Amino acid sequence: MEATEAKAPMEATEAMAPVEAKKKEKKEKKKPSQVPVAAKKEGKKETGLGLTVKKGENFGEWYSEVVVMGDMIEYYDISGCYILLPWSYAIWESIQRFLDGEIKNLGVENAYFPLFVSERALVTEKKHVEGFAPEVAWVTKSGESALEVPIAIRPTSETVMYPIFAKRIRGHRDLPFKINQWCNVVRWEFKHPTPFIRSREFLWQEGHTAYATKEEADEEVYAVLDLYRRVYEELLAIPVIKGVKSEVEKFAGGLYTTTVEAFIPLTGRGIQGATSHCLGQNFAEMFDIVFEDEKRERKKVWQNSWGLTTRTIGVMIMVHGDDKGLVLPPRVAPVQVIIIPVPYKDVDTQKLFDAAASTARQLKAAGLRVKEDTRDNYSPGWKYSNWELKGVPLRVEIGPRDLANSQVRVVRRDTGAKEDVPMDKIVDRISELLEEIQLQLLEKARKERDDCIVKAYTWKEFMKALDDKKMVLAPWCDEEKVEEDVKARTKGESGAAKTLCMPLDQPDLPEGITIPRRWFSRLILSFFSGTKCFASEKPAKKWALWGRSY
Ligand code: 87F
């Protein structure tokens with residue numbers, strides 16, 4: 001307990017970039033009279049009031065407060081590790097339910113591989129682990145005695161799984177071979193940790209598949225990418241941009257990396273939502289994963305790997321949360337409707353409680369996730385703000401006047417809109433409202449995101465857009481050196497800009513270009529039309545989305 005409290009002020013700045021956080025620390029040092037964040041928070045908890053910080057005023061602190069006061073996480077005495085409380089774990093379970101079903105529809109089977117990796121297995125793929133080595137955590141002792149050979153904790157499971165791929169894949173009839181596992185992984189991050197967004201242990205699914213041909217592998221890469229888009233858009237109501245990573249940003253061990261990219265308007269940062277990689281034949285070469293084809297020739301398999309993590313929950317909090325707390329999209333909300341009886345002096349409370357119970361019964365029978373808050377040690381007002389803090393999409397209030405009029409009062413969390421609904425229409429109206437909230441959250445987020453995408457053709461336009469906290473869509477020559485150069489030139493207080501992706505959906509070219517499009521692919525057209533890279537002024541090959549990122 002002590003350790004948790006001691007950590008809170010430090011973690012309060014986590015959602016910021018390290019430099020911003022440092023600046024903040026400095027600022028705080030100048031004002032010793034300020035009440036420490038932890039003390040403020042403890043005080044708040046006792047009184048049960050809402051958030052102390054506004055999202056637009058101090059995003060980092062707002063995020064730290066909302067994850068704790070919204071009952072999503074509890075801090076832990078190891079930096080970068082967090083307890084996922086039932087309220088956030090239930091959201092993860094919703095994501096799992098959907099994605100697990102869809103993954104199985106693709107013919108992928110679940111399995112479980114060990115948490116520990118031998119050093120020998122880990123160095124088999126030396127080349128790709130090299131860059132990640134500092135992040136690998138090792139077990140070196142059991143009790144007081146040193147282990148003969150240290151054992152790594154999986155940061156990802158390629159090295160754990162692929163020896164088994166090599167063993168079990170023999171002939172073409174063994175293909176495709178498709179395995180997924182839901183598990184935890186550990187990456188000893190040194191950047192500032194942020195709950196859900198960047199933690200040292202996190203939950204994910206990792207899919208690993210092997211095919212006889214590149215075409216089949218390619219098809220799956222994009223099928224999975226679309227599932228990831230659906231998790232974000234259909235469940236979490238967050239718009240994402242599908243794209244391919246640049247050579248600098250791709251997973252070095254693979255052939256190409258595809259991604260869904262989300263955006264946090266308030267910080268002006270992009271965030272990688274999930275990735276689906278085509279590994280090509282690199283791992284097949286390293287792990288000797290070969291099969292005999294129809295002509296009895298030995299061939300290397302084509303592999304993919306893909307993963308989606310609990311970061312999803314952090315993105316959802318950042319995008320939808322507001323000054324009152326969490327705003328949960330109905331499809332993932334652990335409780336979709338909270339029913340609160342509102343007793344008055346001298347009025348028969350039992351009747352109110354009966355009406356609340358009957359309303360709950362009807363809604364539950366319709367398959368909705370409903371809870372009644374009948375606690376008598378909290379006022380209705382306290383309960384309203386508490387469930388607002390927790391982001392429940394709809395609140396149903398039942399008071400004596402509602403009872404007399406055979407109606408209930410329904411209040412939306414996202415807009416605050418209130419309406420009276422006749423008791424005999426309650427199931428239909430609530431279902432309709434939940435559907436509406438789900439769609440409107442996505443629409444609102446999409447509009448906000450779209451307002452933050454700016455096209456830039458020149459370095460000046462590019463820098464202006466970055467300074468305005470936008471994502472920048474710019475014609476690019478697609479050269480590694482140029483990307484490194486842009487990184488170096490944009491390095492500042494809030495980190496450097498990099499390519500987020502090359503969107504699959506490439507915008508049209510600038511006006512005034514008259515070559516009939518049907519003659520050339522857009523890519524080649526751009527090359528010939530003389531559109532220049534915004535950074536190098538070499539001929540542009542594609543549009544790339546650039547930005548600062550998490
Ligand atoms: C950290 C330490 C060691 C990322 C690491 O994206 C190794 C790694 O290989 C590492 N961090 N990666 C890349 C993971 C690639 C890939 N694995 C399966 C995924 C999706 C799921």
Side-chain angles (χ1 to χ4, degrees), residues 80 96 99-100 103 106 108 110-139 150-165 177-191 193 197-210 217 220-225 227-228 231 243-245 247-261 271-280 282-284 286-287 289 302-312 501 550:
Q96 280 187 306
L99 192 55
D100 195 60
I103 288 172
L106 294 178
V108 182
N110 282 337
Y112 187 79
F113 288 74
L115 167 71
F116 297 119
V117 195
S118 70
E119 187 165 21
R120 194 166 45 83
L122 202 67
V123 297
T124 308
E125 45 154 8
K126 215 179 191 164
K127 208 178 97 211
H128 114 259
V129 162
E130 257 165 26
F132 298 119
E135 287 180 19
V136 178
W138 294 87
V139 180
I151 290 169
I153 301 174
R154 66 175 164 226
T156 179
S157 300
E158 281 80 357
T159 52
V160 182
M161 291 186 175
Y162 295 167
I164 276 62
F165 276 49
F177 191 81
K178 311 186 199 185
I179 294 289
N180 176 67
Q181 80 172 347
W182 291 94
C183 65
N184 58 342
V185 285
V186 170
R187 293 180 187 173
W188 215 253
E189 295 271 1
F190 295 96
K191 288 190 193 154
I197 301 292
R198 187 185 295 121
S199 52
R200 285 179 166 173
E201 179 186 359
F202 57 86
L203 305 181
W204 75 350
Q205 61 65 218
E206 51 178 320
H208 296 262
T209 57
E220 186 202 67
V221 166
Y222 289 98
V224 170
L225 192 68
L227 289 182
Y228 291 161
V231 168
V244 181
K245 287 281 185 188
E247 282 302 303
V248 173
E249 292 299 325
K250 78 169 192 188
F251 170 39
L255 190 59
Y256 64 90
T257 293
T258 67
T259 175
V260 287
E261 296 286 323
I271 183 160
Q272 181 175 294
T275 48
S276 176
H277 315 277
C278 178
L279 303 177
N282 299 352
F283 285 88
M286 285 186 274
F287 287 88
I289 313 175
W302 290 86
Q303 285 176 276
N304 295 336
S305 80
W306 26 274
L308 175 133
T309 79
T310 35
R311 170 178 270 201
T312 42
C501 70
Y550 277 93

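Values in this document were obtained by computation on a predicted structure and should not be read as measured data. Both ligands and their constituent atoms are indexed starting at 1 by order of listing.
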Exercise for the section: Applying side-chain contact (heavy atoms from CB on, under 4.5 Å), name anything that partners Ala210, two or more places apart in sequence or on another chain. Expected result: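 Ala210 satisfies side-chain contact (heavy atoms from CB on, under 4.5 Å) with Phe165, Ile169, Leu175, Phe177, Val301, Gln303 once adjacent residues are dropped.
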Handout entry: Mutual orientation of the aromatic rings belonging to Phe202 and Trp204 [parallel < 30°, tilted 30-60°, perpendicular > 60°]
Key =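 Judged by the thresholds at 30° and 60°, the geometry between Phe202 and Trp204 is perpendicular.
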Exercise for the section: On the 0 to 90° scale, with breaks at 30° and 60°, tag the Phe251-Phe132 ring pair as parallel, tilted or perpendicular. Expected result: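 Judged by the thresholds at 30° and 60°, the geometry between Phe251 and Phe132 is tilted.
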Handout entry: side-chain hydrogen bond (donor to acceptor under 3.5 Å, both in side chains) partners of Thr259, counting only residues at least two apart
Key =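 Scan of Thr259 (side-chain hydrogen bond (donor to acceptor under 3.5 Å, both in side chains), adjacent residues dropped) gives Glu261.
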Problem - Any residue meeting ring-ring contact (aromatic ring centres under 6.0 Å, His included) with Tyr228, in chain and number order, not counting sequence neighbours - result: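 Tyr228 satisfies ring-ring contact (aromatic ring centres under 6.0 Å, His included) with no other residue.
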Problem - His277 and Thr257: side chain donor to acceptor below 3.5 Å - result: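 Yes - a donor-acceptor pair under 3.5 Å links their side chains.
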Problem - Under 4.0 Å from ligand 1, counting heavy atoms only: the protein residues, by chain and number - result: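 His128, Phe132, Glu135, Val136, Pro155, Thr156, Glu158, Arg187, Trp204, Glu206, His208, Phe251, Thr275, His277, Ser305, Trp306, Gly307.
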